A.B. asks: 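Can you read through this structure? Questions will come right after.
The figures here come from the full heavy-atom set of this structure, side chains too, leaving out hydrogens, waters and symmetry mates. Remember, predicted model here, so these are calculated numbers, not experimental data.
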Amino acid sequence: MNTQKRDTFRSKFGVLAAAAGSAIGLGNIWKFPYITGQNGGAAFLFVYLGFIVLIGVPIMLSEFIIGRKSQANAYGAFKRLGANGLWRHIGILGVLAAFMILSFYGVVAGWSLRYITYAIQNSSNLTPEQIAESFNSFITNPTQPIIYQLSVMLITGAILIFGVQKGIENTSKILMPIMLIIVVILDIKSITLEGATEGLDFLFNPDFSKLTFHGVLIALGHAFFSLSLGMGCLITYGSYINRDNNLLSTAVNVSVADTLIAILASIAIIPAVFAFGLEPSQGPGLIFITLPNVFQQMQGGLFFSILFFILLTIAALTSAISIMEVSVAFFHEELKIKRRISVILVTALTSMLGVICSLSLGIYSDYTCFGKNIFDLMDFISSNILLPCGGCLISLFVGWKMGQKMVEKELEHGSTVKIWFLKTFIFIVKFVAPIAILIVFVSGLI
Ligand code: PHE
């Protein structure tokens, strides 16, 4: 056990900024608008909101409880709480997922960084075909995307070197408000465009006939990814939360902030896409292909496109920090490696994996497994297998292994606990969440 005092978050705002920084990421700004576009708009949004409330918040709370109670990293936490047998090793899934997610996450974050400079250079007057072509040739290039991906990894590592309070907390406290301001500016621009109402209609007027079972599954999977659940990220952050913080209100606030930004990002994107007669259902290229088309036609497009990609890069960075911290805390506390060295090691390892991911879109695209290249494979295994499995086990652990008494005790620090709430919470983590996850997991595999 480490006798050194653990670094913790200093203020309540710091806790919120850091945890919201983890949750709000590429998932909100890159993925959410396009999956909403693909799955019928408002109807999808409503289902997604239901999952956030019913399953997302309880599992987030579970992670915070495990973390703060154990005062340990995602792996050590289960050991400290007296887990035995296989339970002891739940955390290892999280550390594995952290490496995998960061490897492709860093690549996309790198693209975003590239698009800030791209916007600044303003390669004006390209045809839509040329915009698509330039994106495709960029991501398949053997060196260009790697330079940007490595830059993101280095910045992430550099922030983590400063530790929990000076690194994670201070960075989040500065970047999160900037992000909110940018998204609001973009929203105002988007909804004041002529023809924007069609997009708002698409987002907020539900047509449930457009929602498929597959869409429902995507909504649950995305709730997990977006709230950073299932890999011990929030166990790790929870272990840095002081006992005078109210864990329930933290979980609720983070979930609200995450959902709000996902909706605000959609408002910034979808009405603008409609206003210029483009399609919101284009998939992953929505941000990097459709949106540059929009910016090109928009008045002041250069300015707004720089703002947009700064927003995306900030969002990606604060999430990357949290993903890397899972492995850093594990290396430091379990393998007893000095924190600084752990940061360097983890940065180097994830960077290497990231390089392979990036190359798998270009020169290594022939290496596939189950028909997927390495980039897609990392995404698939982590988001569709490791996160749901981790989430299910975390939920079962809190419901069945820790039990109501221990949960109540931990929640009582910093708040008063209502008995009806406690009972509902335990019921959800014992039954509702694991069953829902199992359904999604099995159908996702099929
Ligand atoms: N929640 C982040 C996003 O929305 C991604 C993430 C997943 C971060 C898992 C940490 C853990 O982009």
Side-chain angles (χ1 to χ4, degrees), residues 9 11-20 22-23 46-71 74 77-78 80-83 87 90 219-220 223-224 226-230 232-260 262 387-388 390-440:
F9 294 129
S11 66
K12 291 189 176 154
F13 176 61
V15 170
L16 190 65
S22 167
F46 284 105
V47 175
Y48 176 76
L49 289 180
F51 283 142
I52 293 282
V53 175
L54 199 73
I55 296 175
V57 176
I59 295 196
M60 184 182 290
L61 185 57
S62 302
E63 292 209 18
F64 282 154
I65 291 173
I66 295 176
R68 193 171 71 174
K69 173 93 196 145
S70 66
Q71 293 290 299
F78 294 94
R80 286 262 192 117
L81 294 179
W87 287 105
I90 302 180
L220 181 57
F224 260 84
S226 189
L227 292 179
S228 306
L229 302 177
C233 206
L234 299 180
I235 293 181
T236 310
Y237 273 18
S239 75
Y240 304 140
I241 300 179
N242 287 318
R243 290 245 143 85
D244 55 356
N245 277 269
N246 180 334
L247 289 187
L248 173 62
S249 68
T250 307
V252 171
N253 290 339
V254 171
S255 306
V256 169
D258 184 68
T259 310
L260 192 73
L387 294 192
C392 191
L393 292 171
I394 286 168
S395 171
L396 290 171
F397 183 80
V398 170
W400 296 92
K401 290 270 163 186
M402 286 181 80
Q404 188 164 322
K405 271 249 143 54
M406 207 195 263
V407 166
E408 182 175 11
K409 264 200 143 150
E410 190 51 48
L411 286 179
E412 268 169 354
H413 297 291
S415 68
T416 47
V417 188
K418 300 228 170 27
I419 193 74
W420 68 264
F421 166 78
L422 196 66
K423 288 217 146 62
T424 318
F425 171 68
I426 293 288
F427 180 74
I428 291 179
V429 292
K430 260 185 165 170
F431 303 106
V432 183
I435 292 173
I437 297 166
L438 215 68
I439 294 174
V440 173

A.B. asks: Could you pull out all residues at least two apart from Phe427 that satisfy ring-ring contact (aromatic ring centres under 6.0 Å, His included)?
C.D. replies: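 Per chain and number, Phe427 pairs via ring-ring contact (aromatic ring centres under 6.0 Å, His included) with Phe431.
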A.B. asks: Does Ala20 have any side-chain contact (heavy atoms from CB on, under 4.5 Å) partners at least two apart in sequence or in another chain, and if so, which?
C.D. replies: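 Expected list: Ile24, Met176, Ala257.
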A.B. asks: To the nearest 0.5 Å, what is the distance between CG (Leu396) and NZ (Lys401)?
C.D. replies: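 If we round to the nearest 0.5 Å, Leu396:CG and Lys401:NZ are 10.5 Å apart.
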A.B. asks: In a table with atom names and distances, give each donor-acceptor pair under 3.5 Å that connects a side chain of residues 50-61 to protein atoms at least two apart or in another chain.
C.D. replies:
none

A.B. asks: A side-chain contact here means heavy atoms from C-beta on lying under 4.5 Å apart; do Trp87 and Leu81 qualify?
C.D. replies: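 No, side chains not in contact.
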A.B. asks: Minimum heavy-atom separation for Ala219 and Val47, please, with both atom names.
C.D. replies: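 The pair with the smallest heavy-atom distance is CB-CG1, 4.1 Å.
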A.B. asks: If you take all heavy atoms of Ser239 and Thr236, which pair is closest and at what distance?
C.D. replies: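 Looks like OG-O, 2.6 Å.
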A.B. asks: Are Phe9 and Tyr240 side-chain neighbours, meaning at least one heavy-atom pair lies under 4.5 Å?
C.D. replies: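 Phe9 vs Tyr240: side chains touch.
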A.B. asks: For residues 48-69, pull every pair meeting salt bridge (Lys or Arg N to Asp or Glu O under 4.0 Å), keeping only residues two or more places apart or in separate chains.
C.D. replies: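 Matches after skipping sequence neighbours: Arg68-Glu410.
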A.B. asks: Does Leu422 have any side-chain contact (heavy atoms from CB on, under 4.5 Å) partners at least two apart in sequence or in another chain, and if so, which?
C.D. replies: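 side-chain contact (heavy atoms from CB on, under 4.5 Å) list for Leu422, sorted by chain: Gln404, Val407, Glu408, Leu411, Val417, Ile419.
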A.B. asks: Of all residues at least two apart in sequence or in a different chain, which pass the side-chain contact (heavy atoms from CB on, under 4.5 Å) check with Lys409?
C.D. replies: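 Lys409 satisfies side-chain contact (heavy atoms from CB on, under 4.5 Å) with no other residue.
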A.B. asks: What verdict does the side chain to side chain contact (heavy atoms under 4.5 Å, CB included) test give for Phe421 and Leu248, after you've listed the backbone C-alpha separation in whole Å, the side-chain angles of each residue and the deciding distance to 0.1 Å?
C.D. replies: CA-CA 10 Å; Phe421 166 78; Leu248 173 62; 3.6 Å; yes
A.B. asks: Rounded to the nearest 0.5 Å, how far apart are OG of Ser70 and CD1 of Ile235?
C.D. replies: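 Between atom OG of Ser70 and atom CD1 of Ile235 there are 7.5 Å.
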A.B. asks: With sequence neighbours excluded, tell me which residues meet side-chain contact (heavy atoms from CB on, under 4.5 Å) with Thr250.
C.D. replies: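 Listed in chain order: Val15, Phe64, Val254.
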A.B. asks: Which residues pass the side-chain hydrogen bond (donor to acceptor under 3.5 Å, both in side chains) test with Ser228, sequence neighbours left out?
C.D. replies: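 Testing Ser228 for side-chain hydrogen bond (donor to acceptor under 3.5 Å, both in side chains), a comparison that skips the adjacent residues, returns Ser22.
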A.B. asks: Which heavy atom of Ile66 sits nearest a heavy atom of Ile394, and at what distance?
C.D. replies: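 Nearest pair, atom of Ile66 first, then Ile394: CD1-CG2, 3.8 Å.
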A.B. asks: Which pairs count as salt bridge (Lys or Arg N to Asp or Glu O under 4.0 Å) when at least one residue sits in residues 421-438, sequence neighbours excluded?
C.D. replies: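 Qualifying pairs: none.
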A.B. asks: Of the non-hydrogen atoms in Asn246 and Ser415, which two are nearest, and what is the gap between them?
C.D. replies: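 Scanning both residues, the minimum pair turns out to be ND2-CB, 3.1 Å.
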A.B. asks: Give the minimum heavy-atom separation between Gly391 and Ile437, together with the two atoms involved.
C.D. replies: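 That would be C-CD1, 3.9 Å.
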A.B. asks: Grab the two heavy atoms, one from Ala18 and one from Tyr237, that are nearest each other, plus how far apart they are.
C.D. replies: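 Looking at all heavy atoms of both residues, the closest pair is O-CE2, 3.4 Å.
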A.B. asks: Return the CG to NZ distance between Asp244 and Lys12, rounded to the nearest 0.5 Å.
C.D. replies: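 Those atoms lie 5.0 Å apart.
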A.B. asks: Roughly how far, to the nearest 0.5 Å, is the CG atom of Leu227 from the OG atom of Ser255?
C.D. replies: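 Atom-to-atom, Ser255:OG and Leu227:CG are 5.0 Å apart.
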A.B. asks: Say you draw a straight line from CG of Asn242 to NE2 of His413; how long is it, rounded to the nearest 0.5 Å?
C.D. replies: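 So the gap between those two atoms works out to 12.0 Å.
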A.B. asks: Return the set of residues passing ring-ring contact (aromatic ring centres under 6.0 Å, His included) with Phe425 (not counting sequence neighbours), or none when no residue passes.
C.D. replies: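 So Phe425 forms no ring-ring contact (aromatic ring centres under 6.0 Å, His included) with any residue.
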A.B. asks: So, taking the atom named CZ in Phe78 and the one named CD1 in Ile90, what distance separates them when rounded to the nearest 0.5 Å?
C.D. replies: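 The distance works out to 4.0 Å.
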